[in-house]
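I have placed the structure first, in the form of structure tokens, so that the comments after it can refer back to it.
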Amino acid sequence: MESTMESSILKETHVEAFAQGENEIDNDAATSQLMTDLIYSAMCSEPKKESAFFQNILSQCQTLMERDYTIEVVENKGLVCACPTYPTRLFFITGEKGKPKAVNDCVDMKKLVENAQYARCRKRFPFPVIFFNNKHVCRSATLSIPQEVYGRPYLDGISMVCKYLLGDGDNTQTAPNSNGQKGGDLAENVKGANDTIDADDASNSVPSRSSTGCSTNNRENRGNGDENDEDFMKDVEIVDLDDTDMKSLQTVEDCDTVMRYRIGDIRLLQALGVKVVFDLMVENKKFKYLFYVSSSEKVLGDMYKPFELAVMPYPGVELFYNADIDEFDCSNLKHDWSTPEFDAIGSVAHVPALDIDFSNYKEWSLQEITNSYLKLLVHFAASNTSDGILIHCISGWDRTPLFTSLLRITLWADGLIHQSLNAKEMLLLSIGYDWVLFGHQLHTRMKKKENIFHFNFNYLQHITGPEFACALAEDKALRHDRLLELRKLFLEVYLPAKQKYDEKKLNSNGWLGWLLG
């Protein structure tokens, strides 16, 4: 039934025309139906990203991205893809169309990602998704624990064998980039800021450990090259063996393996120009199933000292229970911070331009904490520096897309990014690229009624005022109507999908199953 639905969608004339590069999505019922079917499909099951339907959605997102930006297409598919929960094609923005390139072309992504691929949970490595003010806004998961560093390669091996046996490992032809040339795969691409790294540097970059427990290794080649080597070694390569992450590691080789990937993660961040890390976790390290399942930059001491760390604890998806009903009131809903496992302590440097005391975050309602963090993100994005931004939660597929999507939409509403897109096109780009294709588990969230996806777009009604506008916006009143229009369009495509989903549950499980979720 699902494949039949996909086939019928792909036969729509407007889809075929848009895939061929039409200037604009027709504002008709067929286009809205496409988004409704996209949402409904993601509600029912995990998206099969290599299917014709989702490849078409991805191609449309690429076309929308290329309206205003030059991009390099980075392939993420095959027997062993860099991250199975990322889109099969990633769009690396090199600059705005009609302007000189702001960053170098992608080069040597294979080395950077391979050196960092197990540093973060589920291999969800840092990748840029928004380009604004000559800087990248990146997204990722948090740092993985040593046990995942060792265990996930075995899972990759099993997955590779299964894909091979099932004949599902062939790479499709590389998609052309905005210059009409083929982008490379993850074996060939990344930003040129790291082009000083030697070809053999990865294998030689494992830090050795001295008798004092400090990592000592003279690293001559780094990500951005704007600090001297001695300072880089001092800031990055200190290993604290008392770190709880390292307590389970008994040998120098064990420690070196974990450190190799974490140093690779730092190099990838520097190659992407990231200087500020926004950590949305409410924990220092996620505790689940009776043991820790993730780490974070907060617990690694000086290792991530080259980056400014903004610890911004933000409630998890549990707080968004039934967020798609009319009675959901985010202005009066507060998170319970008393649970012992919520041990992250908010830490945001004072920002004179914002009249916000971020130390009061535990007293804020869901609306207040969302407003405050969004204003902070917009402020950093608009700053007159080239400091790139990384946003992450734990897995990077709930709270992370919430803020990357809100940031993208609010900057669009101010007329600062994606300037050629109308509201319907922006909605498709955000639903498709920010949420579904980057791994949001909508089908799981729907079963648990944790409706953070709905909250994201419905929330636009609360940020229409000029106080939420970017400082670089020329017309701060522009955003009001644009945000309300986008919210209205979302409800028009979401509600039919939700109704169809509820009907399917009722028919499958009866009234009792529907009531129990």
- Message: Just to verify, which of F125, W397, F127 counts as forming a ring-ring contact (aromatic ring centres under 6.0 Å, His included) with Y86?
- Response: F125
- Item | For H440, the option from N456, D398, T85, T400 that meets side chain to side chain donor-acceptor pair (under 3.5 Å) | D398
- Message: Test salt bridge (charged side-chain N to carboxylate O under 4.0 Å, His left out) on R479 and D414; report intermediate values, then the result.
- Response: CA-CA 5 Å; R479 60 185 293 110; D414 286 334; 2.9 Å; yes
- Task: Check whether the side chains of Q419 and R67 place a donor and an acceptor atom closer than 3.5 Å, and report yes or no.
- Result: no
- Task: Kindly indicate, with the supporting measurements, whether the criterion salt bridge (charged side-chain N to carboxylate O under 4.0 Å, His left out) is fulfilled by R122 and E148.
- Result: CA-CA 8 Å; R122 306 175 189 271; E148 180 173 0; over 6 Å; no
- Of all residues at least two apart in sequence or in a different chain, which pass the ring pair (Phe, Tyr, Trp, His ring centres under 6.0 Å) check with F380? F278
- Task: Assign the ring pair F358 / Y373 to parallel, tilted or perpendicular, where the plane angle (0 to 90°) is split at 30° and 60°.
- Result: parallel
- Item | Y433/F438 aromatic ring centres below 6.0 Å | yes
- Item | Test side chain to side chain donor-acceptor pair (under 3.5 Å) applied to D324 - qualifying residues, sequence neighbours left out | Y494
- Just say parallel, tilted or perpendicular for the rings of W337 and H335, cut-offs at 30° and 60°. perpendicular
- Message: Show, in sequence, the C-alpha distance, side-chain angles and deciding distance for K135 and D387, and conclude whether the salt bridge (charged side-chain N to carboxylate O under 4.0 Å, His left out) test is met.
- Response: CA-CA 6 Å; K135 67 187 73 174; D387 296 351; over 6 Å; no
- With ring pair (Phe, Tyr, Trp, His ring centres under 6.0 Å) as the test, would you mind laying out the steps for Y69 and H418 before giving the verdict? CA-CA 8 Å; Y69 302 98; H418 301 292; 5.3 Å; yes
- Query: Does the separation of the ring centres of F453 and F490 fall below 6.0 angstrom?
  - Reply: yes
- Does K49 count as lying over the ring of F54, i.e. NZ or CZ under 6.0 Å from the six-ring centre, within 45 degrees of the axis? no
- Query: Yes or no on salt bridge (charged side-chain N to carboxylate O under 4.0 Å, His left out) for E96 and K99, after CA distance, side-chain angles and deciding distance?
  - Reply: CA-CA 6 Å; E96 297 181 58; K99 297 182 180 180; 3.6 Å; yes
- Message: Under 4.0 Å between a side-chain nitrogen and a carboxylate oxygen: does that hold for E297 and R120?
- Response: yes
- Message: If the threshold is 4.0 Å, N to carboxylate O, is there a salt bridge linking E283 and K286?
- Response: yes
Residues 462-469, side-chain donor-acceptor partners within the protein, below 3.5 Å, at least two apart:
none

- Item | Inter-residue atom distance L421.CG - S430.OG, 0.5 Å rounding | 11.5 Å
